[in-house]
Amino acid sequence: MNYISIKDIDSLSKWVKSAIKIKKNPLKNKKLGKNKTLIMLFFNSSLRTRLSTQKAAINLGMNVMVMNFGSEGWTLEFEDGAVMNSGASEHIKEAAEVVSQYGDIIAIRAFAGLVDKEKDYAETVISGFLKHATVPIVNMESAVRHPLQSLADAITMEEYKTKHKPKVVLSWAPHPRALPQAVANSFVEMMQMQKDMDFVITHPEGYELSPEITKDSKIEYDQNKAFENADFVYVKNWSNFNDYGKVTNSDPNWTVTAEKMALTNNGKFMHCLPVRRNVIVSDEVIDSENSIVIEQANNRTYSAQLVLQKILKKL
Ligand SMILES: CCC[C@H](NC(C)=O)C(=O)O
Ligand SMILES: NC(=O)OP(=O)(O)O
């Protein structure tokens, strides 16, 4: 069993309930991971994913090995049959097979390069590990998806929802750097699995996410209209998908302010973090009692722990 996409989950509602049960007694399965090793490979930076996933493994009694592959590992070649006479020192085939011998589960973070859309959306890096590794793979944010985040997001909304069918908004907000679409993509895919939620995506025209992700999800180009009566406002920047990897809009009118949150139904503010204060969201909003970003980050441990537990039980 791998965990690459939120769509690897057979029943989101059952997984969310299981995660909340784990949260109530996180050391219940402390022996499950005894003498099993989680290897975590980071091609990019992390705070929450690294610490919460390691904490989850510790809660299950696992050994953990972490490597900053991006700065400490060899440059990898992912193309089969490549003549390796330029930058790459090692082929993914050897790297994945060798790492598989050192651990029982491999978790990988490898962000989108935001240069070659085809390469990114082919999930080249994590697909290379999936193809050549001989142990289960967990996605800690790939080019296209961040399923540990979106499972934690689902857990958080379950904990905080106050009505049967809450309105949930995914809102773009400006950012000075080009960021991946992965978090937004996974949030959309998770929302499409929700049975009783009213979901809308809002972003400037031209900032549409991949249609293969959004499918028939509702898109509203007027942010204020999207915020009306919302119960959850999930905010995330992403770089342009159509003009791939570019920052073509940095309009501060999309920054989430108290005035915008006043349009909601006393809505909760959510963000995966890290967040650029007073660019993505005002201090007033993120410091308000309606902001649940810290508990949302806490739930990353239980999201990861449920995934690791399910994989361990199948080893
Ligand atoms: C969890 C978010 C990771 C990353 N954020 C940054 C700042 O690179 C992103 O936007 O995908
Ligand atoms: N939300 C999230 O994945 O945070 P990090 O990038 O700090 O791991």
Side-chain angles (χ1 to χ4, degrees), residues 1-43 46 48-67 69 92 95-110 123 125-155 158 182-183 186 189-190 193 297-315:
M1 171 192 170
N2 300 305
Y3 186 66
I4 307 301
S5 160
I6 191 84
K7 294 190 289 188
D8 292 333
I9 291 178
D10 50 5
S11 166
L12 182 60
S13 57
K14 283 185 185 156
W15 280 51
V16 166
K17 285 185 177 58
S18 299
I20 291 171
K21 201 172 164 195
I22 289 172
K23 186 173 179 178
K24 292 187 175 96
N25 186 4
L27 300 179
K28 183 176 174 227
N29 291 304
K30 180 80 176 169
K31 294 193 173 67
L32 184 63
K34 187 170 169 48
N35 299 327
K36 300 292 183 195
T37 299
L38 171 68
I39 293 179
M40 301 164 76
L41 304 179
F42 287 90
F43 288 74
S46 171
R48 279 143 293 270
T49 304
R50 180 171 182 151
L51 295 179
S52 63
T53 306
Q54 188 159 350
K55 177 67 179 292
I58 292 166
N59 285 350
L60 292 164
M62 293 185 81
N63 304 309
V64 181
M65 297 199 291
V66 186
M67 182 175 178
F69 207 98
I92 179 65
E97 288 180 5
V98 164
V99 172
S100 296
Q101 294 171 126
Y102 303 145
D104 300 282
I105 301 172
I106 303 174
I108 298 158
R109 165 165 283 196
E123 288 279 41
V125 175
I126 205 154
S127 298
F129 278 95
L130 278 169
K131 181 176 179 181
H132 297 294
T134 54
V135 297
I137 301 293
V138 174
N139 181 355
M140 297 195 293
E141 186 175 341
S142 62
V144 178
R145 292 182 171 87
H146 192 357
L148 288 175
Q149 182 64 54
S150 47
L151 178 53
D153 298 334
I155 295 162
E158 179 63 24
V183 169
S186 277
E189 289 185 328
M190 180 272 291
M193 296 165 72
N298 185 38
N299 285 332
R300 289 293 310 275
T301 298
Y302 309 108
S303 157
Q305 193 165 331
L306 177 59
V307 170
L308 292 175
Q309 184 172 294
K310 284 186 176 279
I311 293 174
L312 285 169
K313 286 182 176 175
K314 290 178 184 288
L315 288 183

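Taking all atoms of both residues into account, the shortest heavy-atom contact from Ala182 to Ala143 is CB-O, 3.9 Å. Scanning both residues, Arg300 and Thr49, for their nearest heavy atoms gives NH2-OG1, 2.9 Å. Shown here for Ser186 and Pro147, the closest heavy-atom pair between the two residues is OG-N, 3.7 Å. Nearest heavy atom pair, residue Ala304 against residue Ser52, reads CB-O, 4.4 Å. Considering every non-hydrogen atom in both Ala110 and Val125, the closest pair reads CB-CG1, 3.6 Å. Taking each heavy atom of Ile137 and Phe129 in turn, the nearest pair found is CD1-CB, 4.1 Å.
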Give the intermediate values and the outcome of side-chain contact (heavy atoms from CB on, under 4.5 Å) for residues Asp104 and Val135. CA-CA 6 Å; Asp104 300 282; Val135 297; 5.6 Å; no
Full working for side-chain contact (heavy atoms from CB on, under 4.5 Å) between Val138 and Leu38: CA-CA 10 Å; Val138 174; Leu38 171 68; 5.7 Å; no
Apply the test side-chain contact (heavy atoms from CB on, under 4.5 Å) to residues Met190 and Leu151: give CA-CA distance (whole Å), side-chain angles for both, the deciding distance (0.1 Å), then the verdict. CA-CA 7 Å; Met190 180 272 291; Leu151 178 53; over 6 Å; no
Run the side-chain contact (heavy atoms from CB on, under 4.5 Å) test on Asn25 and Lys21 for me, step by step, so that the C-alpha distance in whole Å, both residues' side-chain angles and the decisive distance to 0.1 Å come before the verdict. CA-CA 7 Å; Asn25 186 4; Lys21 201 172 164 195; over 6 Å; no
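Rounding to the nearest 0.5 Å gives a distance of 10.0 Å between CG of Asn63 and CD1 of Ile58. A distance of 11.5 Å separates CG of Asn29 from CG of Leu308, quoted to the nearest 0.5 Å. Note: Ser18 OG to Lys23 NZ = 14.5 Å, rounded to the nearest 0.5 Å. Atoms CG and CE, from Leu32 and Met62 in turn, are 8.5 Å apart once rounded to the nearest 0.5 Å. In this structure, NZ on Lys313 lies 9.5 Å from CG on Leu60, to the nearest 0.5 angstrom. A distance of 9.5 Å separates CE of Met65 from CD1 of Ile106, quoted to the nearest 0.5 Å.
Side-chain contact between Ser303 and Ile155 is present, with at least one heavy-atom pair separated by less than 4.5 Å. Using a 4.5 Å heavy-atom cutoff, the side chains of Phe42 and Val66 are in contact. At a threshold of 4.5 Å between non-hydrogen side-chain atoms, the residues Gln101 and Val98 count as touching. With contacts defined as side-chain heavy-atom distances shorter than 4.5 Å, the pair Met140/Leu148 qualifies. Two residues are said to be in side-chain contact when any heavy atoms from C-beta on lie closer than 4.5 Å; Ser5 and Val144 fail this criterion.
Around NZ of Lys55, the count of heavy atoms belonging to other residues, nucleotides or ligands within 6.0 Å does not exceed 12. Within 6.0 Å of NZ on Lys30 lie more than 12 heavy atoms contributed by other residues, nucleotides or ligands.
Side-chain N or O atoms of Glu97 include none that pairs as donor or acceptor with a backbone N or O of Thr134 at under 3.5 Å. Judged by distance alone, the side chain of Ser127 and the main-chain N or O of Glu123 form a donor-acceptor pair under 3.5 Å. Judged purely by atom type and a 3.5 angstrom limit, Gln305 has no side-chain atom pairing as donor or acceptor with the backbone of Ile22. Not a single donor-acceptor pair under 3.5 Å links the side chain of Thr37 to the backbone N or O of Gly103. Here the side chain of Asn139 pairs no donor or acceptor atom with the backbone of Tyr3 at under 3.5 angstrom.
Counting only residues at least two apart or on different chains, the salt bridge (charged side-chain N to carboxylate O under 4.0 Å, His left out) pairs with a member in residues 142-153 are Arg145-Glu189.
With sequence neighbours left out, Arg109 forms a salt bridge (charged side-chain N to carboxylate O under 4.0 Å, His left out) with Glu141.
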